[in-house]
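Taking it in order: structure first as structure tokens, then the write-up.
First listed ligand is number 1; within each ligand, the first listed atom is number 1.
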Amino acid sequence: MQQPAKDRLRIVAVWLCRLIVGFTFIISGWAKAIDPWGFLIKTGEYLQVWGLNLPRELVLTGCVSLACVEFCTGVLIATGSLKRLAVWVAAAMMSVMLPLTLYIAVESPVSDCGCFGDFLIISNTATFIKNVVLSALIVYLIIAGRKVKGIYAAPIQWLQIVVTVAFPMILAFVGYNIQPLVDFRPYKLGTNLFGDAGESSTEVYIYRKGGVEKEFTLDELPDDSWEFVDMKSVGDETNGGFEVRDDSGLEMNDELSDMDGQVLYLIVSDPDVQFLSRVHLTNMLYRRAESQDVTMIGIAGATGSTLERWISIAKPLFPVYSAAPTALKQLVRGDAALVYTDGGEIKWKRTLSSMNADFGDGEWASDSLENIRPVDDGRYHLILLSIYLASMIVIYLLSLSPKILRLFVGIPKKIRNFAHSKNEHNTITLYHTMRKNIVAGNWKMNTTVPEGVALAKEVNEALKGFKANCDVIICVPFTHLCPVAAEIDANVLGLGAENCADHTSGAYTGEISAPMVASTGAKYVILGHSERRQYYGETSETLREKVALALANGLTPIFCIGEVLAEREDGTYNEVVKRQVEEGLFNLSAEDFGKIILAYEPVWAIGTGKTATAEQAQDMHAHIRAVIAEKYGKEVADNCSILYGGSCKPSNAAELFAKPDVDGGLIGGAALKCADFMGIVKAF
Ligand code: PGA
């Protein structure tokens with residue numbers, strides 16, 4: 001069936017919103033995960049403004065978790081996975097961030113909100129506006145996103161989540177313990193720690209010719225054919241006002257920047273914090289540096305008595321100067337960290353704590369200091385990002401194969417059932433769910449007797465060589481019942497009719513009664529199929545009779561319900577289906593109701609190729625179960641198998657059957673080919 005233009009527009013709009021919201025969350029989570037120290041410092045600023053003094057471990061755990069949740073939510077939204085949960089998590093975050101960023105925009109308690117770390121700094125007002133837009137898009141996704149299918153099949157989405165959480169966690173782990181894998185701050189590797197004296201910036205002239213812009217220095221300006229566009233100053237990326245002073249207050253910058261050769265700086269930005277356990281390492285480092293002709297200098301983010309205290313404990317054999325802690329925290333992440341320079345150029349940085357391991361094994365002793373550069377700016381990140389993206393692609397490709405997808409089907413369901421069965425033994429109300437998973441074929445008015453017998457035999461054979469995780473039934477035309485019953489093994493394949501009369505016997509020319517069906521050996525009968533309701537005028541009233549006669553003759557009714565397209569579109573589908581269940585079945589005792597199999601078959605999906613999404617099916621099945629529970633109680637409702645029918649095929653069965661309330665399928669077209677039918681059976 002061709003999708004109406006309205007639907008197509010909604011799909012495009014939903015995907016657009018998903019990408020915008022998703023990628024904003026992804027970038028924001030990623031920027032925080034990559035630099036946990038930066039996020040920690042920013043959060044510290046907030047907490048300080050609000051006068052809160054929380055333990056560092058708690059704040060750090062909160063920061064890393066938030067970054068991971070933000071990143072993961074972004075990926076799930078951008079790929080349309082866990083549609084409902086992901087947008088609700090985003091909405092929950094926005095309900096905190098929106099008022100918070102409004103407050104920040106109005107009061108400006110901190111200079112920038114820190115949403116994207118140092119990767120992208122936007123003004124507080126812009127942040128608030130961004131959040132208003134995001135919130136609007138999230139509301140739209142809550143309303144319209146549910147019906148638009150995502151990229152990843154449901155059974156494999158949990159694997160997607162595991163991989164997606166691992167990525168920011170690794171970033172954060174390296175970023176916190178060593179240094180950020182990508183450095184967005186002014187002191188990147190390769191820049192000069194103290195700048196080149198006297199040559200702080202150069203003018204660059206931009207000219208355009210034939211649509212191409214190019215930069216020129218004053219000495220080599222282009223000819224007249226080039227048109228002048230702009231001029232800008234390009235500074236050597238050096239520190240902005242990073243002043244180092246000795247204990248008498250004398251500025252040391254010139255002296256330090258004039259220093260030749262290699263220098264190992266020990267940067268103690270916060271001498272008060274947890275550093276004391278590692279002070280003994282500093283002099284070991286000093287000796288090693290000395291033996292390799294490397295000068296070692298300490299710079300602490302403290303003055304006066306705090307610095308003196310640190311010096312009295314660390315007893316450094318090298319000179320220690322002081323600088324503003326904020327500048328030091330920008331230079332290198334970590335309470336205590338090392339910066340190695342050669343001719344003033346930053347070669348590597350790493351936290352002091354990351355050196356511990358190297359000290360232990362002795363190997364490091366022979367290594368030159370220059371070679372212990374731990375994080376290659378950007379390169380490792382690129383590798384990690386490529387591995388992550390490749391895993392996401394592999395997971396997607398795996399999900400394309402119904403065979404592989406089947407391996408993943410029901411894993412969460414199995415875990416839930418396992419937990420449930422554990423609970424059962426521990427709870428006082430010993431309760432056990434007995435509902436079966438069932439795949440039933442509805443052959444409708446297809447195949448001649450010989451063709452039908454051959455098909456039934458083929459299915460029967462296929463099932464013999466395979467242990468199905470569900471009951472398998474075929475419902476065939478009346479003429480086929482006897483010969484098929486003679487050919488199949490009732491222990492592996494159930495047999496049913498597609499209808500029966502609303503009378504037991506008598507002058508009803510052309511009708512077949514429930515006792516007749518039962519006498520062929522059949523055990524099931526489809527009742528109330530939408531085609532019978534639509535073309536043969538079956539009403540709830542006649543269906544009540546048929547159900548009663550089927551039960552009285554030992555047949556299990558497979559009772560069909562489902563709304564037509566107009567009812568789906570005008571939103572009355574829940575009401576319609578509820579009415580069908582109530583009118584057709586609620587005259588039964590709880591015991592008899594317990595014998596019924598229900599089949600939800602949205603009429604617009606039957607034979608149209610248009611399946612209800614797994615979520616739509618799940619919503620309706622849960623609704624039907626709730627309707628039953630209201631009448632007969634939770635136990636009867638939980639024990640009732642509810643099948644889905646309507647263009648169910650091997651490629652979508654796994655996703656549908658993975659839903660907790662979808663207990664199998666009633667299969668039309670795909671039941672006429674043994675391979676397709678078995679493909680669906682194997683989805684369990
Ligand atoms: P379909 O039919 O699988 O061909 O859509 C289902 C049914 O009518 O039972």
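Closest non-hydrogen pair, Ala605 versus Ala612, comes out as CB-N, 4.3 Å. In this structure, Ile156 and Ile395 approach most closely via the heavy-atom pair CD1-O, 3.8 Å.
Taking a 4.0 Å cut-off on heavy atoms, Gly607 registers as neighbouring ligand 1. Residue Gly646 places a heavy atom under 4.0 Å from ligand 1. The shortest heavy-atom distance from Lys444 to ligand 1 is under 4.0 Å.
Between Glu615 and Arg84 there is no salt bridge, since no side-chain N of the basic residue sits under 4.0 Å from a carboxylate O of the acidic one.
In summary, the atoms of ligand 1 found under 4.0 Å from a heavy atom of Gly669, numbered by their order in the structure, are 1 (P), 3 (O), 4 (O). The contact set between ligand 1 and Ala605, taken as ligand atoms under 4.0 Å from a residue heavy atom, comprises 5 (O). Residue-ligand proximity, Ser647 to ligand 1, at heavy-atom distances under 4.0 Å covers atoms 1 (P), 3 (O), 5 (O). Near His529, meaning under 4.0 Å from one of its heavy atoms, ligand 1 places the atoms 7 (C), 8 (O), 9 (O).
Residues Lys546 and Asn499 have side chains in contact (heavy-atom distance under 4.5 Å, counting atoms from C-beta outward).
In terms of protein heavy-atom proximity, atom 3 (O) of ligand 1 is closest to Gly668 N, 2.9 Å. With respect to atom 7 (C) of ligand 1, the closest heavy atom belonging to the protein is Glu601 OE2, 3.1 Å.
A donor and an acceptor atom, one from each side chain of Glu601 and Ser530, are nowhere located under 3.5 Å apart.
Contacts between Ser530 and ligand 1, counted as non-hydrogen atom pairs separated by less than 4.0 Å, are absent for every part of the residue. Both the backbone and the side chain of Ile606 come within 4.0 Å of ligand 1, counting heavy atoms alone.
Asp619 pairs in a salt bridge (charged side-chain N to carboxylate O under 4.0 Å, His left out) with only one of the listed residues (Lys659, Arg625, Arg146), which is Arg146.
Annotation: side chain to side chain contact (heavy atoms under 4.5 Å, CB included) contacts of Tyr573 (sequence neighbours excluded): Glu563, Arg568, Met620.
Screening residues 607-652 for ring-ring contact (aromatic ring centres under 6.0 Å, His included), with sequence neighbours left out, gives Phe586-Tyr632, Phe593-Tyr632, Tyr600-His621.
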